[in-house]
Amino acid sequence: MSIPSSGLKVLVIDDSNTIRRSAEIFLKQGGHEVLLAEDGFDALSKVNDYMPDLIFCDILMPRLDGYQTCAIIKRNLKFSNVPIVMLSSKDGVFDKARGRMVGSQDYLTKPFTKDQLLHTVQELGSAKQGEA
């Protein structure tokens, strides 16, 4: 029996407009509130302003990459418990390990399906709700 999702606030950080829009559509269909950021700097201000429940973060971005963005968010005690899922077109062991080292909880390979995205939100979102 699955736990019905009660609409989480999800931040999607990706420099690809296509990925951001796809994730937004999938997440809204799943009943979640969606925030979008096109790079790490944009994301840092949105994390502070909106306090998301879950973050999807692309690895390869200009200015501030996903690893740096994740590390900065995780270093702030206010946001250290927010689950972060790294997004990448590469499915390498090194990328996954490096993501874990900077504090990410999971890793999703692009392009992802609606089911993969919503399953990840349900898994991490239910753990987050259990903490509250």
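Only this structure's heavy atoms are used, side chains among them; waters, hydrogens and symmetry mates stay out.
In this structure, the separation between CE on Met51 and CG on Asp53 is 9.5 Å, given to the nearest 0.5 Å. One finds the CD1 atom of Ile13 at 10.0 Å from the CG atom of Leu35 (value rounded to the nearest 0.5 Å). Taking NZ from Lys96 and OG1 from Thr109, the interatomic distance works out to 5.5 Å, rounded to the nearest 0.5 Å. Taking OG of Ser22 as the start and CG of Asp14 as the end, the distance is 9.5 Å to the nearest 0.5 Å. Taken from NE2 in His119 to NZ in Lys114, the straight-line distance is 15.0 Å, to the nearest 0.5 Å. Annotation: the span from Ser45 atom OG to Asn48 atom CG amounts to 8.0 Å, rounded to 0.5 Å.
Between Asp39 and Pro62, the closest heavy-atom pair is CB-O, 4.2 Å. Across all their heavy atoms, Phe26 and Thr113 have their closest contact at CE1-C, 4.0 Å. Of all heavy-atom pairs between Val102 and Lys74, the closest is O-CG, 3.7 Å. Taking every heavy atom of both residues into account, Tyr107 and Val85 meet most closely at N-CG1, 4.0 Å. Residues Asp42 and Ala37 approach most closely at OD2-CA, 3.2 Å, considering heavy atoms. When all heavy atoms of Pro83 and Gln105 are compared, the pair lying nearest together is CA-OE1, 3.2 Å.
Connection of Phe41 to Tyr50 is established within a shared hydrophobic cluster, with ILVMFWY side chains joined at heavy-atom distances below 4.5 Å, either directly or through further cluster members.
Using a cutoff of 4.0 Å between basic side-chain nitrogens and carboxylate oxygens, Asp15 and Arg20 are not scored as salt-bridged.
Under a 3.5 Å cut-off, the side chain of Lys46 and the backbone N or O of Leu36 do form a donor-acceptor pair. Distance alone, capped at 3.5 Å, places no donor-acceptor pair between the Lys110 side chain and the Ser88 backbone. Remark: side-chain polar atoms of Lys90 are not paired, donor with acceptor, to backbone N or O of Asp95 under 3.5 angstrom.
Residues that satisfy the salt bridge (charged side-chain N to carboxylate O under 4.0 Å, His left out) test with Glu33, not counting sequence neighbours, are absent from this structure.
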**Request:** Please test Gln116 against Leu108 for side chain to side chain contact (heavy atoms under 4.5 Å, CB included), starting from the C-alpha separation and ending with a verdict.
**Result:** CA-CA 8 Å; Gln116 288 172 315; Leu108 205 53; 4.2 Å; yes
**Request:** Give the intermediate values and the outcome of side chain to side chain contact (heavy atoms under 4.5 Å, CB included) for residues His32 and Leu54.
**Result:** CA-CA 10 Å; His32 303 288; Leu54 177 63; over 6 Å; no
**Request:** Decide side chain to side chain contact (heavy atoms under 4.5 Å, CB included) for Phe56 and Thr120; before the verdict, give the C-alpha distance in whole Å, the side-chain angles of both, and the deciding distance to 0.1 Å.
**Result:** CA-CA 10 Å; Phe56 285 93; Thr120 302; 4.0 Å; yes
**Request:** Determine, step by step, whether Asp58 and Ile19 satisfy the side chain to side chain contact (heavy atoms under 4.5 Å, CB included) criterion, reporting the C-alpha distance in whole Å, the side-chain angles of both residues, the deciding distance to 0.1 Å, and the verdict.
**Result:** CA-CA 9 Å; Asp58 183 24; Ile19 295 294; over 6 Å; no
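Leu44 is listed as a side-chain neighbour of Ile73, based on a closest heavy-atom distance under 4.5 Å. Inter-residue side-chain proximity for Val82 and Val47 is flagged as unmet; no heavy-atom pair is nearer than 4.5 Å. Contact annotation: the side chain of Arg98 never approaches that of Met86 to less than 4.5 Å [non-hydrogen atoms, C-beta and beyond]. With a 4.5 Å cut-off on side-chain heavy atoms, Leu64 and Ile72 count as touching. Side chains of Ile55 and Val12 form no contact here, defined as non-hydrogen atoms less than 4.5 Å apart. Glu123 is not listed as a side-chain neighbour of Asp106, based on a closest heavy-atom distance of 4.5 Å or more.
Environment of CZ in Arg100: crowded, with over 12 heavy atoms of neighbouring residues, nucleotides or ligands closer than 6.0 Å.
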